[in-house]
There are 2 protein chains.
Amino acid sequence: MQNLLDYEIILLPLCRYLHANASFMKTEMITLKKVSLKDIAAKAGVSTALVSFVLNGKGQEHRIGEETARHILQIAKEMNYRPNLAARGLRSGTTGTLGVVVSDISNPFFAQIARDIEDAADKLGRTVFFGSSDESAEKMKTLISGLINRGVDGLIVVPCEHSEDTIQELCKNKIPLVLLDRNFNDINVSYVVLDNFNAAYKATRHLIDSGYKKVGIIAYDVKLNHMQDRIRGYKEAVAEAGMAANVLVIKQKNFDKAFDKAMRKAMDDGVDALFLPTVTITISCLHYINDHNIEIPKQLGLVGFDGGDAFDLFSVPVSYVSQPVRHLSVKAVEILIDMIVNKNASVQGVRIVGSLIVRQSSLP
Amino acid sequence: MQNLLDYEIILLPLCRYLHANASFMKTEMITLKKVSLKDIAAKAGVSTALVSFVLNGKGQEHRIGEETARHILQIAKEMNYRPNLAARGLRSGTTGTLGVVVSDISNPFFAQIARDIEDAADKLGRTVFFGSSDESAEKMKTLISGLINRGVDGLIVVPCEHSEDTIQELCKNKIPLVLLDRNFNDINVSYVVLDNFNAAYKATRHLIDSGYKKVGIIAYDVKLNHMQDRIRGYKEAVAEAGMAANVLVIKQKNFDKAFDKAMRKAMDDGVDALFLPTVTITISCLHYINDHNIEIPKQLGLVGFDGGDAFDLFSVPVSYVSQPVRHLSVKAVEILIDMIVNKNASVQGVRIVGSLIVRQSSLP
DNA sequence: ATATTTTACTTAAACGATATAGCAAAAAAA
DNA sequence: TTTTTTTGCTATATCGTTTAAGTAAAATAT
């Protein structure tokens with residue numbers, strides 16, 4: 001391992017606390033792995049089966065003596081027993097974990113989703129494995145494969161472009177799966193997405209209603225349907241108003257340059273309002289606006305996506321489409337767990353309506 | 001489960017693709033759990049031990065015939081074998097997973113840390129379990145306990161206030177552990193933190209050098225040493241300049257109200273520059289500034305923390321202390337894995353120097 | 001008094017991998 | 001030829017659970 005870093009290592013003195021209060025402990029202990037069912041069984045003078053039953057609350061069901069049950073429970077508590085979940089998973093075939101693959105967990109939008117999924121899963125007694133695919137189908141497949149090897153009970157996936165095969169395969173193998181944020185029309189799989197068409201329509205329509213005469217959109221050049229739906233929604237609105245569409249697409253790689261070019265073109269073409277269908281694009285646009293002293297909302301009207309501190313704190317507060325992130329996440333978890341628990345739950349597609357937050361950036 | 005959500009459920013038609021191309025498959029398959037060592041052994045006509053050896057690259061070591069090894073390898077590939085990592089973990093006592101507990105993964109700072117840890121761990125062949133503690137010692141303990149039950153090989157923890165006991169206990173139980181972002185001076189445990197004292201000193205000193213006469217700080221009312229060190233650094237700088245310290249502390253709960261009060265007091269007291277030692281505090285401050293039409297940098301000088309789009313896009317670009325997040329994360333992973341691999345690696349404390357990004361907000 | 005049922009537990013086989021100890025056959029050494 | 005060594009593999013215990021199947025003793029029924 002290289003050390004490219006600018007730091008200083010400080011070796012601490014041998015610990016004066018290490019065995020300080022070894023003999024007493026306040027609350028429940030956290031132990032590495034020691035105590036097993038066998039240990040409890042030994043101490044209680046019963047079989048491991050009994051212990052397992054009692055500890056899983058199947059005492060009644062298996063007609064275990066009340067006295068014995070109490071005894072076992074007490075010993076388990078005393079010894080601070082913690083089940084080895086790997087072993088349980090191995091035996092029972094279900095681990096209580098969910099796998100979540102997003103594009104990039106450092107992206108605030110997905111970070112929020114991750115958090116909401118974490119909470120929702122926790123409420124339903126599951127824990128979550130996260131992974132970032134970086135919009136690479138290959139990486140996504142590797143991640144999913146790893147998650148499955150780790151025995152997750154199901155997956156929530158934000159699919160990237162060209163990942164249809166992987167998704168198909170998961171379906172074919174009956175792995176509980178919910179797509180999030182984006183879905184594939186041709187694959188029969190559960191999904192939870194924003195009503196992107198509607199959101200984009202509303203956003204564009206709002207710009208038009210505000211009096212802008214030439215509304216454009218700067219979108220990613222991807223076939224993923226969330227982006228296509230946003231473009232469709234935009235087109236629908238401009239068409240309805242009898243305007244020409246101004247769709248500027250940019251590739252994700254070499255983003256900065258591509259964005260700059262698109263933006264310049266928009267300005268040259270006399271576009272007087274822009275719908276920006278992702279946070280990243282919106283943020284880039286705000287930078288461009290600052291750098292080129294474009295006047296918002298007079299010279300250029302703006303509706304962005306997803307929101308964030310930067311939107312609120314920009315010199316002119318930015319209007320945006322707000323996704324109900326929490327609802328999307330909760331719904332995805334609910335559907336997934338339903339599929340896991342209820343083996344033959346039906347495939348569900350959920351489309352949640354977003355809201356338009358209107359600020360000054362779109363009110364000339 | 002309640003459905004408080006605004007959505008419509010769309011039931012998809014039964015899948016026309018479900019068995020579409022069941023007979024051929026392009027790339028490697030993702031299978032739920034089917035193929036085991038035993039299956040391969042059976043097909044190859046050898047024992048499971050052989051298969052295990054070969055697949056783990058211990059062929060030479062165990063003098064396995066080249067021919068046989070090749071054969072096994074090929075069958076494994078054909079059957080698309082994927083090891084059950086739970087089983088391996090159970091048997092070998094090591095799972096190749098790391099547990100990471102941060103305050104809140106939806107916080108951009110920690111989201112970035114999560115991402116960097118994920119990448120670093122991946123490079124070193126491990127995967128990561130994340131959890132958010134919400135700055136609650138109780139929740140942190142529960143999370144850690146769960147992670148240990150899941151068999152993580154080690155932990156990276158952003159400890160919260162009052163979590164000393166839990167950390168002590170982990171040490172006592174020899175669980176590989178690295179604290180991140182914050183550490184406890186009295187506990188002999190590895191840590192990777194920013195040189196907070198230095199960073200705060202630099203930031204404050206910069207404000208003083210810029211000519212501000214009454215520099216204040218708005219900090220959280222927590223005993224955690226990252227915050228205390230930031231306050232100390234601030235105090236050192238003002239003291240050195242012969243100025244009085246203006247430390248305004250706020251509780252984390254009821255944050256908005258508390259912040260407002262602190263901010264008002266600062267302005268009333270004639271503070272002409274502020275050092276804001278976290279992102280959250282900085283963002284709140286920017287909101288306050290907008291709401292109260294405070295002139296930056298003339299009326300009030302500003303140095304924030306951690307950066308972000310909002311800092312760049314604010315009407316006056318905001319100066320800030322930049323943490324080398326990537327380096328912090330990578331270092332934490334390196335140290336942790338070193339502790340895991342090299343059982344008696346020594347405890348290391350690493351303090352990385354941050355840099356001051358100067359913008360207009362601190363140049364009157 | 002014997003048969004049946006109920007109660008309260010135990011045995012032991014999995015789950016899928018790893019790893020130690022051991023065994024036969026072939027090759028080399030004596 | 002016999003002994004030793006090497007080569008190439010197998011058998012099996014084990015990790016910590018769960019769970020089906022079984023059993024022995026006590027209680028109830030006949």
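Values below: every heavy atom of this structure, side chains too, minus hydrogens, waters and symmetry copies. Proteins come first, then strands; the chains are lettered A, B, ... in the order of their sequence lines, and each starts at number 1.
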Exercise. Contact class for A/R88 vs. all strands (heavy atom < 4.0 Å): base, sugar-phosphate, or nothing?
Worked result: sugar-phosphate

Exercise. Between A/K34 (NZ) and D/dC15 (P), how many Å, whole number?
Worked result: 16 Å

Seminar exercise, completed: In whole angstroms, the gap separating P of D/dG16 from CE of A/M79 amounts to 12 Å

Seminar exercise, completed: note: A/L55, atom CG; D/dG16, atom C1'; distance rounded to Å ~ 13 Å

For this session: Nearest 0.5 Å please: distance from the CD1 atom of B/I105 over to the OG atom of B/S132.
Result: 5.5 Å

For this session: Check whether any side-chain N or O of B/N56 sits under 4.0 Å from OP1 or OP2 of C/dT18, and answer yes or no.
Result: yes

For this session: Figure out the CZ/C1' separation between B/R82 and C/dC15, and round it to whole Å.
Result: 20 Å

Exercise. Under 4.0 Å between a side-chain N/O of A/K38 and OP1 or OP2 of D/dC15, yes or no?
Worked result: yes

Exercise. Would B/D134 and A/R115 pass as an ion pair if we require N to O under 4.0 Å?
Worked result: yes

Exercise. Rounded to whole angstroms, how far apart are CG on A/L90 and P on C/dA13?
Worked result: 17 Å

Problem set entry | N or O in side chain of B/K58 less than 4.0 angstrom from C/dT18 OP1/OP2 | no

Seminar exercise, completed: Per the under-4.0 Å heavy-atom filter, residues of residues 40-54 of chain B near DNA chain C come out as B/A49, B/S52, B/F53

